[in-house]
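So that the names make sense, note that chain A is the first sequence line, chain B the second, and so on, each numbered from 1.
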Amino acid sequence: MIEIYSQNIDDVWFSIAFEKQQIITSSFGVNRQLTLSNILRNLPFNVSFEFFHEPSVFARSILASLKDIYDGKGIDSNFPLALNRLPAYTQKTLKTTAKIPLGYLASYGSIAKAVGGSPRAVGNVMASNPFAPIIPCHRVVKSDFTLGGYGGGLKVKLELLSREKRGFSSSTEVEVNGHMLQVFPVEYSLGRLCLN
DNA sequence: TGCAAACCATAAC
DNA sequence: GTTATGGTTTGCA
């Protein structure tokens with residue numbers, strides 16, 4: 001039985017689906033319906049679910065953490081994400097994306113170099129990220145540091161990145177399965193103020 | 001700048 | 001099996 005919880009915090013809706021203490025999917029946005037339909041889209045077809053109006057204590061703490069991420073605060077906890085049902089490449093790409101540190105960016109292409117496949121394949125994984133904003137797909141941008149796309153709209157992507165600004169001035173590297181993934185300060189994208 | 005071609009994992013037929 | 005679809009990238013005019 002999958003449990004679904006939804007909560008409005010400071011005019012933003014946060015939703016999560018749990019099964020056995022694992023997060024099946026998460027979503028957020030100003031529109032409650034949209035947020036919930038994102039949740040429903042990512043549920044496995046053969047498991048029943050139930051919607052709860054009042055979040056449990058456990059759910060409430062996770063939802064509060066989502067809000068912290070939304071606000072650009074660092075979070076120390078590791079979420080129990082249910083990655084297992086996803087295709088192998090999708091899992092690998094999501095795990096790699098999760099390693100982009102707060103305050104930094106990576107490009108679709110550089111992630112592709114680390115996990116294999118092509119930049120477009122990486123873009124596809126980002127577009128269907130079931131764990132927004134826990135897996136920080138908003139930190140993935142085009143190779144020229146323009147924003148690329150975002151499920152919740154480019155405005156939201158820009159706002160998230162603005163709040164994650166930490167004043168770093170040079171790129172650094174993180175290790176992902178043997179490769180080094182180069183990451184750049186979010187300021188590189190913010191400086192480009194490109195909106196469509 | 002702008003455009004065409006290559007790119008490659010998924011999902012939908 | 002096959003095709004269609006992208007949150008891309010690169011090269012070339």
Side-chain angles (χ1 to χ4, degrees), chain A residues 12-15 17 24-31 34-47 66 69-70 72 81-165 171 173-174 176-196:
Chain A
V12 181
W13 286 96
F14 297 90
S15 302
I24 305 294
T25 180
S26 61
S27 181
F28 73 100
V30 289
N31 182 337
L34 222 54
T35 305
L36 278 176
S37 66
N38 281 335
I39 292 289
L40 294 178
R41 176 176 325 132
N42 288 308
L43 294 186
F45 65 92
N46 56 346
V47 184
L66 293 199
I69 295 173
Y70 178 85
L81 304 179
L83 289 159
N84 298 323
R85 343 180 180 255
L86 303 172
Y89 181 79
T90 303
Q91 289 187 38
K92 196 162 42 155
T93 304
L94 290 178
K95 283 179 190 165
T96 298
T97 304
K99 293 193 176 170
I100 305 171
L102 179 73
Y104 289 96
L105 306 164
S107 72
Y108 300 97
S110 64
I111 292 182
K113 263 189 276 182
V115 302
S118 74
R120 302 202 73 175
V122 171
N124 283 332
V125 173
M126 295 305 119
S128 59
N129 175 22
F131 302 108
I134 302 172
I135 303 268
C137 59
H138 57 276
R139 295 179 194 155
V140 184
V141 299
K142 289 200 188 185
S143 57
D144 63 359
F145 293 110
T146 56
L147 285 185
Y150 195 64
L154 286 185
K155 184 164 172 277
V156 175
K157 186 170 185 172
L158 184 64
E159 289 168 351
L160 279 171
L161 291 177
S162 302
R163 290 191 291 268
E164 294 191 345
K165 195 166 33 169
S171 69
E173 294 182 328
V174 293
V176 294
N177 65 301
H179 296 77
M180 293 311 273
L181 174 69
Q182 194 173 17
V183 294
F184 303 88
V186 293
E187 280 83 351
Y188 285 25
S189 276
L190 298 178
R192 301 202 132 239
L193 51 100
C194 132
L195 279 176
N196 315 7

Inset, instruction - Verify the distance criterion only: is there a donor paired with an acceptor across the side chains of A:Thr90 and A:Thr93 at less than 3.5 Å? - result: no
Inset, instruction - For this output row, return yes or no: ring centroids of A:Tyr70 and A:Phe28 closer than 6.0 angstrom. - result: yes
Inset, instruction - Round to a whole Å and report the spacing from CD1 of A:Ile111 to C1' of B:dC7. - result: 16 Å
Inset, instruction - Rounded to the nearest angstrom, tell me the gap between atom CZ in A:Arg120 and atom C1' in B:dA4. - result: 12 Å
Inset, instruction - May I ask you to test the A:Met180-A:Val174 pair for a side-chain heavy-atom distance under 4.5 Å? - result: no
Legend entry - Any side-chain donor near an acceptor of the partner, A:Ser171 and A:Gln182, under 3.5 Å: yes
Legend entry - Gap separating the OH atom of A:Tyr150 from the CG atom of A:Asn129, nearest 0.5 angstrom: 7.5 Å
Inset, instruction - Extract, from 5' to 3' on DNA chain C, the first and final nucleotides lying under 4.0 angstrom from some heavy atom of chain A. - result: C:dG6 to C:dT10
Inset, instruction - Keeping the roles fixed (side chain from A:Ser26, backbone from A:Ala132), state whether a donor-acceptor pair exists under 3.5 Å. - result: yes
Inset, instruction - Any chance you could encode DNA chain B as dot-bracket? Rule is Watson-Crick or G-U wobble with both distances under 3.5 Å; [ ] for pairs crossing earlier ones, | for another strand. - result: ||||||.||||||
Inset, instruction - Please work out which residues in residues 89-108 of chain A have a non-hydrogen atom less than 4.0 Å from an atom of DNA chain C and list them by number. - result: A:Ser107, A:Tyr108
Inset, instruction - Please state how far atom CZ in A:Arg85 lies from atom P in B:dT10, giving the value in whole angstrom units. - result: 17 Å
